[in-house]
Q: 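Shown below is the structure under consideration.
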Amino acid sequence: VVKDDGLAAGKGVVVADDGTAALAHAAACDRVVIEEYLDGPEVSLFGITDGTTVYPMQPAQDFKRIFDGDEGPNTGGMGAYTPLPWAPADLVEEVLRDVLQPTVDELARRGTPFTGLLYAGLAITANGPEVIEFNCRFGDPETQAVLALLRSPLARLLHATATGTLAAEPPLEWAPGAAVTVVVAAEGYPGTPRLGDVIGGADADGVLHAGTRVRDDGAVLSAGGRVLSVVGTGPDLAAARADA
Ligand code: GLY
């Protein structure tokens, strides 16, 4: 994976199948970063931390292409689900032990402690989970699915992370079953979205607003690329998807 070392509006990365393409991209960059290609499904795993204790959340997977069947251009995220029935049973335990906790410990050791939501973007490779990236925020749209199943009170957890008392909180509690979120995007997205379309049903249960606004007469209008996130739950993924 050959990357331009700088901001390149998403065009700086080439995932090359052969050396010629990799060299050609590298030659076009001022400074270049070369990374191992990580093969395998991607997983988002969020850890909430007060800087010492880390509580991992349920893993989720999101889909970034605009069309069904994982086709078309990339977007900010078109849908997500949790849990991951195909993932190794010890995935969360392993990522907590090998990724989240050591990262939080090392940041504290360096005198730059981190408190909040640590988002590990992982690839599940033949050699086990590998980190692609970290974000210090909740992931979108995975969060819509993950929080739909979280039974522990989120505000209480956030308060405990902010006050350094997470270890005193009971382990996170999850509702059984599955959650699926499907993003409703504006016509034209991820290109220039058409704005101002009237949306029906936007006040239904499970509908979360993102790019919407309310007109003077009360009508809800599209006002952004990703307009709504619709969350469904059920005893399994098929049921949750049908619900969404
Ligand atoms: N779902 C990807 C992200 O939030 O960065």
Side-chain angles (χ1 to χ4, degrees), residues 1 3-4 6-13 15 33 35 37-49 54-87 91-92 95 99-100 103-104 114-125 129-150 154 157-158 161 178-186 189-191 193 206-212 224-233 237 240-241 244:
V1 177
K3 295 183 177 178
D4 201 344
L7 290 177
K11 300 188 191 82
V13 182
V15 181
V33 177
E35 290 180 351
Y37 173 61
L38 299 177
D39 199 8
E42 284 186 35
V43 168
S44 301
L45 212 160
F46 308 148
I48 190 164
T49 179
V54 185
Y55 279 2
M57 296 195 166
Q58 266 190 199
Q61 190 176 44
D62 70 339
F63 294 88
K64 298 193 178 71
R65 306 289 196 96
I66 184 80
F67 298 128
D68 284 347
D70 218 16
E71 301 209 347
N74 266 336
T75 70
M78 295 305 296
Y81 69 97
T82 186
L84 313 178
W86 52 268
L91 178 70
V92 173
V95 173
V99 176
L100 294 172
T103 303
V104 167
F114 176 75
T115 299
L117 196 289
L118 185 62
Y119 163 156
L122 307 161
I124 310 303
T125 73
E130 304 236 22
V131 176
I132 303 170
E133 63 172 359
F134 285 114
N135 293 301
C136 44
R137 58 168 173 80
F138 279 96
D140 179 14
E142 299 95 306
T143 303
Q144 290 87 312
V146 170
L147 292 189
L149 298 185
L150 181 67
L154 180 65
L157 287 171
L158 297 178
T161 66
V180 170
T181 186
V182 178
V183 169
V184 181
Y189 179 78
V207 175
L208 304 174
H209 289 231
T212 62
R226 288 188 299 162
V227 178
L228 303 166
S229 190
V230 183
V231 185
T233 55
L237 285 172
R241 186 172 187 240

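Owing to the predicted nature of the structure, the values given are computational and were not obtained by experimental measurement. In each ligand, atom 1 is the first atom listed, and ligand 1 is the first ligand listed. Both backbone and side-chain heavy atoms feed into the values below; hydrogens, waters and symmetry mates do not.
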Q: Say whether K64, considering both its backbone and side-chain N or O atoms, lies within less than 3.5 Å of an N or O atom on ligand 1.
A: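 Among all N and O atoms of K64, none is under 3.5 Å from an N or O of ligand 1.
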
Q: Got E133 and Y119 here, is their nearest side-chain heavy-atom distance under 4.5 Å?
A: yes

Q: Contact between I48 and L158 at the side-chain level, heavy atoms closer than 4.5 Å - yes or no?
A: yes

Q: Pull out every atom of ligand 1 sitting under 4.0 Å from any heavy atom of R137, numbered as shown with elements.
A: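 The list of qualifying atoms is 3 (C), 4 (O), 5 (O).
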
Q: Side chain of R226, backbone of V183: donor and acceptor closer than 3.5 Å?
A: no

Q: Kindly indicate whether the side chain of E142, heavy atoms from C-beta on, has any atom under 4.5 Å from the side chain of T82.
A: no

Q: Using modelled atom types and a 3.5 Å cut-off, is there a donor and acceptor pairing between side-chain atoms of T75 and backbone atoms of K64?
A: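 Checked: pair present.
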
Q: Could you tell me whether E133 and ligand 1 have an N or O pair separated by under 3.5 Å?
A: no

Q: Counting only heavy atoms not in R241, do more than 12 sit closer than 6.0 Å to its CZ atom?
A: no

Q: With heavy atoms of G139 as the reference, note each atom of ligand 1 found under 4.0 Å away.
A: 4 (O)

Q: Would you mind checking which non-hydrogen protein atom is closest to atom 3 (C) of ligand 1, with the distance to 0.1 Å?
A: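 Protein heavy atom with the smallest distance to atom 3 (C) of ligand 1: Y119 OH, 3.3 Å.
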
Q: If you measure from each non-hydrogen atom of F138 to ligand 1, which part falls under 4.0 Å: side chain, backbone, both or neither?
A: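 No part of F138 comes within reach of ligand 1.
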
Q: Can you list the ligand 1 atoms lying under 4.0 Å from a non-hydrogen atom of D62?
A: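 Near D62, meaning under 4.0 Å from one of its heavy atoms, ligand 1 has 1 (N), 2 (C).
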
